[in-house]
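In each ligand, atom 1 is the first atom listed, and ligand 1 is the first ligand listed.
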Amino acid sequence: MRIDKAERLKRLPPYLFKEIDRQKEQVRAKGIDIIDLGVGDPDLPTPPHIIDALKRAASDPANHRYPSYSGMADFNAAVARWYQRRFNVDLDPSKEVVTLIGSKEGIAHIPLAFINTGDVALVASPGYPVYHIGTRFAGGEPYFMDLLKQNRFLPDLEAIPSEVAQKATMMFINYPNNPTAAVATKDFFERVVTFAMEYNVIVCHDAAYSEMAFDGYRPMSFLEVEGAKSVGIEFHSLSKTYNMTGWRIGFAVGCSDIISALGQVKSNIDSGAFQAVQIAGITALEGDQTCVEDMRQTYTERRDILVAGLRSIGLSVEKPRATFYLWVEVPQGYTSAGFASLLLTEAGIVTTPGNGFGTAGEGYVRMALTVGRERIREAVERIKDIGL
Ligand SMILES: *Cc1c(COP(=O)(O)O)cnc(C)c1O
């Protein structure tokens, strides 16, 4: 028989990292030692006290059964306490918090709650691909808001045509930002709230990198802004803060009507996160936070080495205040894909071409600080040797 994929899969844009993946395999097959700055996945292990909490919880038969759909009451309460401590934001854990199987899961599912066929979702370009793909899977159309250097990689809300804004039902934003490493200002969040109220747009703020910030800078929560809790929610993840990408645990918080609609979608699709993982998540949020400070220290050191090294070669890059990414301008005469390909074939270094995150990412490559200091120094030497 013929296996015919649904339109929603056929209509997906081509996978832009396919070419780089193919080249990576070729380089690897030649036996060349690869330095992978491509993936946004921490190379460091989960802190031991969190692993110990999981081990204990995994042995308890009470945790072997189906968890609650909206998350364990204890986990949601820990999230609310964390928001209070970290951002001074009050949340009702029974109505304003939902546990997710990683924040990607919630981001992918939320358009099902609010998008009707043909509705528009405002999505940043470049951006995390799940925003526009989740929108398309729900039958909606993404409208891309370009993140440009001259706007400090914040979307220009005034540039959105009013007929697009009228049709929009959702907006996805993400600060500290993947892939540009940009950070938001309070003023920007306030403009988002005003825009959302004017056009009746649900705001989804992805704050996966809120704790990965340097030099004393502490990103704010979107929910700290007046009115934000009536228009939006914030997605969070333990993945990057506690090196827990493989564990699949995150959460969304904010407007109770939005949270409950997301919960309604989820209760019809999944059955929640493993309770033992949620219990370990409580330990992560409420235990010793030295590990978070260590994580910041590690990435600060790596960032400083790579930024100084790339600048010494003549490459143009800003020193990020947050995230573990460098958004590096490609030298004149190269495209994103061309430069990424050069780094891979001539230096064995994997980077991510910026256009893979959306057309407005053209002209950049993203480098992730997910290898140790010696490997970063080695990467700089190798790029130097290409003789750009
Ligand atoms: C890594 C990342 C996430 C986190 O995803 P999880 O599913 O929680 O692991 C979310 N958003 C962005 C932009 C990311 O880079």
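Ionic pairing of Glu7 and Arg136 is not present here: no N-O contact between side-chain nitrogen and carboxylate oxygen is shorter than 4.0 angstrom.
The protein non-hydrogen atom at the shortest distance from atom 14 (C) of ligand 1 is Lys240 NZ, 3.3 Å. Atom 11 (N) of ligand 1 has its closest protein heavy atom at Asp206 OD2, 2.6 Å. Protein heavy atom nearest atom 9 (O) of ligand 1, with residue, atom name and distance: Ser239 OG, 2.6 Å.
Note on Leu91 and Val203: same hydrophobic cluster, where clusters join Ile, Leu, Val, Met, Phe, Trp and Tyr whose side-chain heavy atoms are under 4.5 Å apart, directly or indirectly. The hydrophobic cluster containing Met367 also contains Tyr209, counting ILVMFWY residues as joined when their side-chain heavy atoms lie under 4.5 angstrom apart, directly or transitively. When the side chains of ILVMFWY residues are joined at heavy-atom separations under 4.5 Å, either directly or via intervening members, Ile173 and Ile133 end up in two distinct hydrophobic clusters. In this structure, Leu223 is a member of the same hydrophobic cluster as Val225, with clusters built from ILVMFWY side-chain heavy atoms closer than 4.5 Å.
The distance criterion of under 3.5 Å between nitrogen or oxygen atoms is met by Ser103 with respect to ligand 1. Ligand 1 has a nitrogen or oxygen under 3.5 angstrom from a nitrogen or oxygen of Arg248. Inclusion of Ser237 in the set of residues having an N or O under 3.5 Å from an N or O of ligand 1 is warranted.
Not close to ligand 1: Phe235, with no non-hydrogen atom less than 4.0 angstrom away. Residue contacts with ligand 1: Gly250 is excluded, as none of its non-hydrogen atoms falls under 4.0 Å. A heavy-atom separation below 4.0 Å is found between Tyr131 and ligand 1. Within the structure, the closest approach of Asn174 to ligand 1 falls below 4.0 Å when heavy atoms are considered.
Taking every non-hydrogen atom of Tyr128 and a distance limit under 4.0 Å, the qualifying atoms of ligand 1 come out as 3 (C), 5 (O), 10 (C), 11 (N), 12 (C), 13 (C), 14 (C). Remark: ligand 1 atoms within the under-4.0 Å shell around heavy atoms of Gly102 are 7 (O), 8 (O). Set against the non-hydrogen atoms of Ala208, the atoms of ligand 1 under 4.0 Å away are 3 (C), 10 (C), 11 (N).
The two residues Ala207 and His236 make their nearest non-hydrogen contact at O-CE1, 3.4 Å. Among all heavy-atom pairs drawn from Tyr299 and Asn243, the shortest one is OH-OD1, 4.2 Å. Shown here for Arg303 and Pro320, the closest heavy-atom pair between the two residues is NH1-O, 2.7 Å.
Among Tyr325, Tyr209, Phe172, the residue whose heavy atom lies closest to atom 15 (O) of ligand 1 is Tyr209.
At most 12 non-hydrogen atoms from other residues, nucleotides or ligands lie less than 6.0 angstrom from CZ of Arg8.
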